[in-house]
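A short write-up of the structure that comes next.
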Amino acid sequence: MKAVILAGGKGTRLRPLTIYTPKPIVPVVNRPFLEYQIEVLRRAGVDDIVISLSYQPDKIEHFWGDGSGLGVRLSYITEASPLGTGGAYRFAADGCETTTVVVNGDILTDIDLSAVIRTHKERKAIATLTLTKVEDTSRYGLVETNVDGAILRFLEKPKPEEAAAIGVNTVNAGIYILEPEVLSLAPKGENRSFETQIMPEIIERGMPFFGHVIESTYWSDIGTPATYLAANLDLLNGNIRGFDLPKNTGSDVATAAVVDGLSRIAEDCNIKPGAEIRCSVLGRGVLVEEKAIVENSVIWPHTRIAAGAVIRDSVVGRSCHIGRKAIVTNGAILGDKTQLTDYTQV
Ligand code: GTP
């Protein structure tokens with residue numbers, strides 16, 4: 001079976017992290033993000049995967065070669081100009097005669113996709129949309145289904161009282177199972193959105209279209225700084241099952257330093273005496289000097305954290321320099337190459 005991973009968006013909400021690193025390859029616990037998605041697809045037997053690109057394609061094209069190192073067949077396709085989520089699907093799956101799994105390239109989940117595909121086939125659906133339940137409905141477009149799971153309508157970001165009145169709390173989880181008939185709803189070469197154009201049209205035409213609610217499954221997007229940090233911490237804390245995290249090897253950790261059992265340290269890091277690393281991710285070649293503290297944070301490669309600095313609940317980009325006794329806390333997001341002078345507080 002074929003899959004298309006939509007990975008061509010600009011990732012504006014994740015700036016400044018996505019200025020030099022496009023969202024599909026931002027490191028999540030030291031692995032380029034899309035590897036988690038490729039693993040979920042492979043486990044479900046979907047091993048013919050097209051990565052659909054538009055923004056900064058040169059940084060991703062050929063990133064994993066033909067995919068053999070990940071146990072799949074990978075190809076890359078780049079739009080001349082952004083075609084939107086639906087247009088990108090048409091461009092990547094044009095001429096495809098089989099069922100296709102389409103995945104938004106910023107969803108982290110441990111979903112059992114084979115169960116979704118099985119239900120899609122049993123229902124003889126033309127399209128199945130995965131749905132997830134959320135508490136705060138105001139940030140999302142809601143999807144209403146009937147008791148049999150057939151999708152009735154989409155409601156764009158209704159007020160909480162409106163959502164409560166109609167009893168809907170399911171939102172688009174960003175994974176679609178589509179039969180080739182859906183291709184014709186996205187005219188060749190034209191910009192189309194799944195959410196606002198193609199899916200409403202599937203309903204209008206009365207095609208068999210079902211929602212599949214994913215329950216007892218981890219689901220999050222990594223599209224904002226807060227959700228990106230949370231996804232890293234959820235992986236460290238074991239809130240997502242089934243992914244092997246990279247081992248802590250090849251770094252120089254002083255005996256008088258503390259690295260707790262949850263943290264993940266890539267190779268070539270240097271952690272000096274008295275430093276403390278708790279529930280955090282350090283990318284390759286990070287230097288943490290004497291008595292610096294890193295807690296509930298993600299540090300990208302080749303950053304230097306000087307003596308006595310404190311980084312808490314924050315993300316620090318690549319090749320930054322955090323000065324002595326500087327304090328970075330409270331969800332701060334520092335872009336690549338940020339230089340903080342000694343004693344700065346962010
Ligand atoms: P923001 O700019 O922060 O909204 O992020 P985004 O650009 O990724 O947009 P959004 O989250 O709405 O996109 C959902 C998924 O579709 C993401 O994985 C995007 O990479 C992808 N995507 C969005 N637009 C396009 C497009 O025009 N072409 C392709 N190939 N993918 C797209």
Side-chain angles (χ1 to χ4, degrees), residues 2-28 32-38 40-41 49-64 74-94 96 100-109 111 129-132 134 139-143 154 156-157 171-178 182-183 185-200 219-231 315 333 335:
K2 193 182 179 87
V4 175
I5 301 181
L6 299 172
K10 288 205 171 108
T12 46
R13 288 165 300 153
L14 198 49
R15 283 182 187 156
L17 297 173
T18 43
I19 288 176
Y20 298 107
T21 310
K23 191 161 63 171
I25 53 168
V26 294
V28 173
F33 177 65
L34 283 196
E35 288 190 10
Y36 293 93
Q37 296 202 327
I38 292 168
V40 165
L41 289 165
I49 302 173
V50 183
I51 300 184
S52 156
L53 301 169
S54 173
Y55 177 68
Q56 296 190 339
D58 49 315
K59 295 198 174 153
I60 310 174
E61 274 167 346
H62 319 300
F63 194 86
W64 295 277
L74 271 189
S75 54
Y76 308 79
I77 187 163
T78 302
E79 294 141 42
S81 60
L83 290 173
T85 46
Y89 152 67
R90 169 73 197 247
F91 188 59
D94 204 23
C96 173
T100 302
V101 182
V102 179
V103 185
N104 277 0
D106 54 2
I107 302 302
L108 177 61
T109 177
I111 188 172
L129 172 60
T130 53
L131 304 176
T132 185
V134 293
R139 283 177 52 213
Y140 303 91
L142 296 183
V143 183
F154 294 89
E156 253 328 292
K157 300 185 184 146
V171 305
N172 176 356
I175 302 174
Y176 316 80
I177 317 291
L178 304 174
V182 179
L183 283 170
L185 305 183
K188 212 169 180 170
E190 287 185 27
N191 190 300
R192 278 290 183 286
S193 153
F194 263 125
E195 297 79 357
T196 60
Q197 293 173 293
I198 294 183
M199 294 193 292
W219 181 91
S220 173
D221 74 275
I222 60 143
T224 68
T227 58
Y228 168 76
L229 177 58
V315 181
I333 308 292

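Both counts, for ligands and for their atoms, begin at 1 and track the order of listing.
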Distance (rounded to the nearest 0.5 Å) between [X] [atom1] and [Y] [atom2]:
{"X": "Thr18", "Y": "Lys10", "atom1": "OG1", "atom2": "NZ", "result": "11.5 Å"}
{"X": "Ile175", "Y": "Leu131", "atom1": "CD1", "atom2": "CG", "result": "11.0 Å"}
{"X": "Leu41", "Y": "Lys2", "atom1": "CG", "atom2": "NZ", "result": "12.5 Å"}
{"X": "Asp221", "Y": "Arg13", "atom1": "CG", "atom2": "CZ", "result": "6.0 Å"}
{"X": "Phe63", "Y": "Asp58", "atom1": "CZ", "atom2": "CG", "result": "12.5 Å"}
{"X": "Ile107", "Y": "Thr132", "atom1": "CD1", "atom2": "OG1", "result": "9.5 Å"}

Proximal ligand 1 atoms for [X], defined as those under 4.0 Å from one of its heavy atoms:
{"X": "Leu83", "answer": "27 (O)"}
{"X": "Ser52", "answer": "29 (C), 30 (N)"}
{"X": "Ala7", "answer": "20 (O), 31 (N)"}
{"X": "Glu79", "answer": "26 (C), 27 (O), 28 (N), 29 (C), 30 (N)"}

Do any nitrogen or oxygen atoms of [X] lie less than 3.5 angstrom from nitrogen or oxygen atoms of ligand 1?
{"X": "Pro82", "answer": "no"}
{"X": "Gly223", "answer": "no"}
{"X": "Ala88", "answer": "no"}
{"X": "Lys23", "answer": "yes"}
{"X": "Gly84", "answer": "yes"}

- Message: Around atom NZ of Lys188, are there more than 12 heavy atoms from other residues, nucleotides or ligands closer than 6.0 Å?
- Response: no

- Item | Partner residues of Phe33 under the ring pair (Phe, Tyr, Trp, His ring centres under 6.0 Å) criterion, sequence neighbours left out | none

What residue and heavy atom of the protein are closest to [atom], and at what distance?
{"atom": "atom 21 (C) of ligand 1", "result": "Leu6 O, 3.6 Å"}
{"atom": "atom 7 (O) of ligand 1", "result": "Lys10 N, 2.8 Å"}
{"atom": "atom 16 (O) of ligand 1", "result": "Thr85 CG2, 3.5 Å"}
{"atom": "atom 24 (N) of ligand 1", "result": "Gly9 CA, 4.0 Å"}
{"atom": "atom 2 (O) of ligand 1", "result": "Thr12 OG1, 2.6 Å"}
{"atom": "atom 31 (N) of ligand 1", "result": "Gly8 N, 3.0 Å"}
{"atom": "atom 11 (O) of ligand 1", "result": "Arg13 NH2, 3.0 Å"}

- atom 13 (O) of ligand 1 protein-contacted, heavy-atom criterion under 4.0 angstrom: no

- For atom 9 (O) of ligand 1, is the nearest protein heavy atom closer than 4.0 Å?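 Flag for atom 9 (O) of ligand 1 set to false, no protein heavy atom closer than 4.0 Å.
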
- Task: Specify whether Tyr176 and Phe194 have parallel, tilted or perpendicular ring planes, treating 30° as the upper limit for parallel and 60° as the lower limit for perpendicular.
- Result: parallel

- Query: Ile77: what forms a side chain to side chain contact (heavy atoms under 4.5 Å, CB included) with it, not counting sequence neighbours?
  - Reply: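 Listed in chain order: Val50, Ser52, Phe91, Ala92.
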
- Hey, does Ser54 have a side-chain heavy atom less than 4.5 Å from the side chain of Thr78?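 Thr78 vs Ser54: side chains apart.
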
